[in-house]
Amino acid sequence: MHLVHHAIFYALERGAQFVLLGDAVRENGISGHFRDLKRKLNDNPDCHLEVGYSEELAHLVYAGADLLVVPSMFEPCGLAPMVGLRYGTVPVVRSVGGMIDTVFDRDYSRRPRTQRNGYSFEYVDNAAIESALGRAIRLWFDHPFEFRRLIGNGMRADHSWNRPGRHYLNVYEHIRRGSRTAAELKLAA
């Protein structure tokens with residue numbers, strides 16, 4: 001959560017707005033920290049911290065945001081950035097877990113430019129998140145056409161189960177056919 005805390009002030013210092021939505025139910029100290037921070041930033045028109053969670057509000061935030069900051073320490077699937085991409089929200093993520101497979105850095109990925117859809121960083125320190133978030137904010141301010149192109153790349157990506165589902169069915173069918181052939185061979189012998 002230290003990276004989220006840092007990202008709030010880093011974004012605000014660069015003329016961006018920041019909305020936080022979330023609750024660390026199992027980590028009361030974290031929620032308490034952000035409640036205190038909410039009180040301190042209450043009069044800032046460019047910042048709103050919503051400590052708690054609402055699915056409906058989350059979808060409104062995804063739809064209204066330009067960037068989605070997800071600096072996870074670990075992340076098994078990376079669902080939040082995938083949802084954000086569908087809404088046209090450019091993810092800024094730590095390269096971990098499922099986010100490695102779905103968020104491709106605009107500036108540093110080896111993927112074709114048409115598949116690059118966000119910004120990523122590896123290390124768990126302020127300089128790392130500043131690098132990714134700073135590049136995203138600069139693109140938004142200085143090159144809006146390029147930013148919109150990045151949005152389009154993300155919205156075109158297919159993160160559904162269509163392709164992996166077909167792959168799994170093909171694997172199972174191959175195994176099924178292979179085992180049937182082995183059984184038929186036993187009967188023939």
Side-chain angles (χ1 to χ4, degrees), residues 3-22 44-50 55-167:
L3 293 176
V4 173
H5 177 100
H6 187 74
I8 292 169
F9 291 98
Y10 184 82
L12 293 172
E13 288 169 2
R14 275 142 194 83
Q17 297 175 331
F18 201 98
V19 173
L20 176 125
L21 173 63
N44 187 326
D46 293 325
C47 186
H48 179 79
L49 307 182
E50 190 64 39
E55 187 72 23
E56 182 180 349
L57 183 56
H59 285 276
L60 292 172
V61 171
Y62 283 126
D66 293 307
L67 297 171
L68 174 67
V69 179
V70 187
S72 299
M73 298 297 282
F74 63 93
E75 180 66 47
C77 69
L79 185 59
M82 286 191 286
V83 173
L85 287 166
R86 295 302 295 165
Y87 277 100
T89 307
V90 174
V92 177
V93 303
R94 183 161 170 269
S95 292
V96 63
M99 294 184 290
I100 293 171
D101 300 321
T102 56
V103 178
F104 309 112
D105 193 276
R106 177 190 179 267
D107 301 319
Y108 300 117
S109 176
R110 292 185 175 152
R111 296 250 180 178
R113 285 234 174 251
T114 58
Q115 293 179 10
R116 298 178 192 187
N117 56 10
Y119 293 90
S120 60
F121 60 97
E122 288 186 38
Y123 300 105
V124 188
D125 60 24
N126 292 347
I129 196 168
E130 285 178 11
S131 171
L133 186 55
R135 290 182 290 126
I137 292 170
R138 276 191 305 279
L139 188 72
W140 189 92
F141 277 118
D142 299 342
H143 303 283
F145 178 78
E146 288 297 317
F147 192 86
R148 285 191 298 277
R149 181 177 293 166
L150 198 58
I151 290 170
N153 289 351
M155 292 180 80
R156 279 189 299 277
D158 180 9
H159 297 291
S160 72
W161 275 98
N162 292 336
R163 193 178 53 203
R166 278 192 302 273
H167 176 73

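- Nearest heavy atoms, I8 versus C47: CG2-SG, 4.1 Å.
- Counting only heavy atoms from C-beta outward, the side chains of V90 and L139 never approach each other to under 4.5 Å.
- Here the shortest heavy-atom pairing between S72 and R94 reads O-NH1, 3.1 Å.
- Within the structure, every pair that satisfies the side chain to side chain donor-acceptor pair (under 3.5 Å) test and touches residues 143-155, not counting sequence neighbours, is listed here: E146-R149, N153-R156.
- Interatomic distance, CD of E130 versus CD1 of I137, reported as 10.0 Å (0.5 Å rounding).
- Within a 6.0 Å sphere centred on NE2 of H167, heavy atoms belonging to other residues, nucleotides or ligands number 12 at most.
- Put simply, the side chain of R116 gets close to the backbone of S109: a donor and an acceptor are under 3.5 Å apart.
- The side chain to side chain contact (heavy atoms under 4.5 Å, CB included) test with P91 singles out one residue from L67, L85, V70, T102, and that residue is L85.
- With rounding to the nearest 0.5 angstrom, the CD1 atom of I151 is 7.5 Å from the OG1 atom of T89.
- Among residue pairs with one or both ends in residues 64-93, none qualify as salt bridge (Lys or Arg N to Asp or Glu O under 4.0 Å); sequence neighbours excluded.
- Within the cation-pi definition used here (under 6.0 Å to the ring centroid, within 45° of the axis), R111 qualifies as a partner of F104.
- For the side chain to side chain contact (heavy atoms under 4.5 Å, CB included) criterion with V69, the lone passing option out of I129, V4, V93, L20 is I129.
- Distance check: M82 CE to L68 CG gives 12.0 Å after rounding to the nearest 0.5 Å.
- The heavy-atom pair separating A132 from V92 by the smallest distance is CB-CG1, 3.8 Å.
- How far CG of N117 is from CE of M155: 12.5 Å, rounded to the nearest 0.5 Å.
- N126 CG to H6 NE2: the interatomic distance, rounded to the nearest 0.5 Å, is 4.0 Å.
- Scanning all heavy atoms of the two residues, the minimum distance from L12 to F18 falls at CD2-N, 4.3 Å.
- In this structure, the separation between CZ on R135 and CG on D142 is 14.0 Å, given to the nearest 0.5 Å.
- Residues M73 and V96 come closest through the heavy atom pair O-CG2, 3.7 Å.
- Aromatic ring pairs are classed by plane angle as parallel below 30°, tilted from 30° to 60° and perpendicular above 60°; the pair Y87 and Y62 is parallel.
- A 6.0 Å sphere centred on OH of Y123 holds no more than 12 heavy atoms belonging to other residues, nucleotides or ligands.
- A heavy-atom distance below 4.5 Å is found between the side chains of Y119 and D107.
- Y10 and L133 get closest at one heavy-atom pair: CD2-CD2, 3.8 Å.
- With sequence neighbours excluded, no residue satisfies ring-ring contact (aromatic ring centres under 6.0 Å, His included) with Y108.
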